[in-house]
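Structure, as structure tokens:
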Protein chains: 2
Amino acid sequence: MEIGFHNLEDFIRGTTILGTGGGGDPYVGKLMLLEALKSGHKIRLIDPDDLDDNARVINVLSMGAPTVINEKLPSGPATIFAVRAAERELGYKFDAVMPIEAGGVNSTVPLLVGALMGLPVVDADGMGRAYPEVQMTTYNVAGKSGNPHVLADDKQSTVVTNTLDNHDAEWLCRAVCVRMGGIAQMACHPLTGREIKDHAVLRTVSLSIDIGATIREARAAGRDVFEALLSFFHARGRHAHQIFEGKIVDLLRETRQGFSIGRVVMQGIGASKGELKIVFQNEFLLAEHDGRPVAMVPDLITVLDQDNVDPITTEHLRYGQRVRVVGIGVPEIMRSPRALEIFGPQGFRLGVDYQRIESLVA
Amino acid sequence: MEIGFHNLEDFIRGTTILGTGGGGDPYVGKLMLLEALKSGHKIRLIDPDDLDDNARVINVLSMGAPTVINEKLPSGPATIFAVRAAERELGYKFDAVMPIEAGGVNSTVPLLVGALMGLPVVDADGMGRAYPEVQMTTYNVAGKSGNPHVLADDKQSTVVTNTLDNHDAEWLCRAVCVRMGGIAQMACHPLTGREIKDHAVLRTVSLSIDIGATIREARAAGRDVFEALLSFFHARGRHAHQIFEGKIVDLLRETRQGFSIGRVVMQGIGASKGELKIVFQNEFLLAEHDGRPVAMVPDLITVLDQDNVDPITTEHLRYGQRVRVVGIGVPEIMRSPRALEIFGPQGFRLGVDYQRIESLVA
């Protein structure tokens with residue numbers, strides 16, 4: 001399967017849904033890929049089932065706060081520089097690249113790198129959504145080391161970390177990322193084809209394309225886009241429902257310790273009463289309706305424009321916006337006890353116990 | 001030549017003079033080396049002239065603020081871990097280790113590592129004194145890359161940086177150091193024997209021993225210790241004079257961005273009138289007498305206890321201490337235009353032009 005001019009828009013819109021507010025401006029990722037396509041590069045997807053068990057695959061991404069990434073764009077050449085450093089460190093070449101997360105700019109960075117390097121991109125990722133920290137992967141849940149974590153910037157600096165614990169890698173790399181200007185290009189979590197089949201969240205690139213296509217087709221047919229989106233997830237066996245409909249009345253957002261951190265408060269309109277507060281760290285983490293939790297990580301919290309149903313990222317939240325908030329369930333691989341320790345409410349120290357989105361329907 | 005129980009005290013006292021206030025508490029370094037000697041380890045010094053031109057030598061040190069290093073001691077095993085990571089990165093074994101600076105705890109760390117690894121320690125260093133930043137070396141002045149810069153901690157994390165510019169390595173490593181707890185063990189600047197002979201500040205370990213012996217012998221003989229110290233430097237062809245004698249009346253010291261930063265103000269006593277202000281970043285950088293510069297990097301500014309002539313490090317400065325401040329000239333290799341850019345007043349953005357200490361005699 002290829003990603004080209006015909007499905008790029010669908011893909012980008014889909015990634016923003018899975019990005020749950022994070023991952024940077026999708027427009028940035030679209031421009032990067034358009035440029036690569038115009039130069040004649042091919043973006044080839046490979047299904048996990050078509051991977052040899054011994055295939056060598058590397059995860060590539062941009063580390064940084066979305067607020068920074070929108071001003072200082074991810075660099076293809078710097079990412080390739082990181083990949084080459086990882087190859088030197090490991091002593092072998094990679095057969096493919098893949099995204100570590102399924103949302104925002106980091107959905108597009110591996111496609112850019114794959115296109116530029118002539119490598120296929122595996123249709124899978126390690127988060128099933130976007131997360132702010134690099135240890136928040138299903139590979140970490142499975143006990144896999146992410147070593148080496150390699151960072152590179154456009155000054156041709158490379159930083160290679162090896163740690164016993166993946167969380168230590170995040171802790172050290174984040175400080176380097178801040179010093180590299182708030183964004184760093186990264187290669188980490190080398191995986192075999194077998195490990196991907198066993199531990200990745202599968203087919204999330206094609207899922208993004210399908211989500212985007214659903215929205216586009218509903219628009220073209222004059223159908224209710226919002227309902228089409230919910231139906232799409234239901235048809236895939238995933239829970240999805242509207243949490244709230246409201247107007248943004250308060251917003252706090254700051255770039256702190258390399259993250260975009262804050263909260264947004266909405267006043268109910270239509271059938272929604274009271275207030276919804278969502279806290280975020282790059283991504284939306286926890287939604288509380290008048291103080292009662294109504295959706296939380298790892299389930300997806302997506303904020304959509306009330307009129308055109310376009311997803312709104314955390315850095316594009318504005319006072320006065322009228323929005324719909326949707327909660328979407330995630331695959332079981334992302335809800336195990338160990339998974340919740342790493343990227344559930346505990347992983348973010350949110351002070352609440354995990355409750356599945358489907359158990360929180362009003 | 002060996003360092004053992006017979007000359008350890010001399011060595012430690014000498015390093016504190018060259019440390020110009022920085023490099024951490026000498027007591028810490030002494031304890032580490034005493035422990036190694038008691039366990040039967042040997043500390044062997046090798047003269048630069050006895051090094052094969054092709055010998056492979058690595059600089060080892062603790063990065064961090066002295067205020068932190070005094071509470072969280074340098075780790076021999078973690079430093080060896082960094083050395084091994086540097087060997088893997090470079091693909092060869094080292095024949096010897098050496099200090100990157102000639103003052104404080106970082107004079108003792110290479111001796112500890114050499115003793116534990118069974119490697120000789122080269123009698124030379126890359127600063128001729130202590131400096132707060134890792135790019136402030138005569139090797140950098142000579143245009144040598146310090147790659148790889150390897151950091152390690154006692155959690156067995158390693159971070160390997162490769163940068164085009166040595167200042168970028170300092171910038172990235174300092175952030176990692178802070179995240180490693182404010183102290184990190186480091187291996188960097190691999191050098192050949194030839195490079196050491198051409199670019200290092202030679203025989204500064206034995207110089208430290210000689211300085212310490214001078215103080216000890218003057219005390220034992222009941223001679224004026226302060227005069228003995230000045231005479232020692234004069235006999236070596238180095239300028240040295242008393243800048244000020246005073247009482248500390250003001251002190252500001254904070255641990256910021258991984259450094260111990262501040263200023264100390266003294267009121268003149270005896271023949272000294274007015275006020276002396278010294279600013280420091282780990283080490284003493286610039287002394288101003290009633291606003292007029294009287295000593296500055298790279299020349300040494302050493303603060304000595306008025307009574308016993310023991311050197312006082314920046315973290316042991318206290319209100320009310322009565323002290324003598326000495327300025328000591330440095331070798332010409334440390335005063336070239338490029339050297340002054342890297343570790344003269346410009347390197348620290350002190351806002352003054354370099355004036356040699358010998359031209360600043362009142």
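Excluded from the calculations below are hydrogen atoms, water molecules and symmetry mates; all remaining heavy atoms, backbone and side chain alike, are included. Chain A is the first sequence line, chain B the second, and so forth, proteins listed ahead of strands; every chain is numbered from 1.
When B/Gln156, B/Met180, B/His149 are compared by the number of non-hydrogen pairs under 4.5 Å with chain A, B/Gln156 comes out ahead. Comparing B/Asn147, B/Val160, B/Thr163 by how many heavy-atom pairs each has under 4.5 Å with chain A, the most go to B/Val160.
The parts of B/Asn162 that come within reach of chain A are both its backbone and its side chain, each placing non-hydrogen atoms under 4.5 angstrom from that chain.
Atom CZ of A/Arg194 has more than 12 neighbouring heavy atoms from other residues, nucleotides or ligands inside a 6.0 Å radius. A/Glu341 CD: more than 12 foreign heavy atoms inside a 6.0 Å radius.
Residues that satisfy the side chain to side chain contact (heavy atoms under 4.5 Å, CB included) test with B/Gln257, not counting sequence neighbours, are A/Arg179.
B/Leu164 has its side chain out of reach of A/Lys155: every pair of non-hydrogen atoms, C-beta onward, lies at least 4.5 Å apart. Proximity of A/Val176 to B/Val176: side-chain heavy atoms (C-beta onward) are separated by under 4.5 Å at one or more points. Put simply, the side chain of A/Thr161 does not reach to within 4.5 Å of the side chain of B/Ser157, judged on heavy atoms.
For the atom pair B/Leu151 CG and A/Leu172 CG, the distance stands at 9.0 Å (nearest 0.5 Å).
Using a 4.5 Å cut-off between non-hydrogen atoms, the part of residues 72-107 of chain B that approaches chain A consists of B/Glu89.
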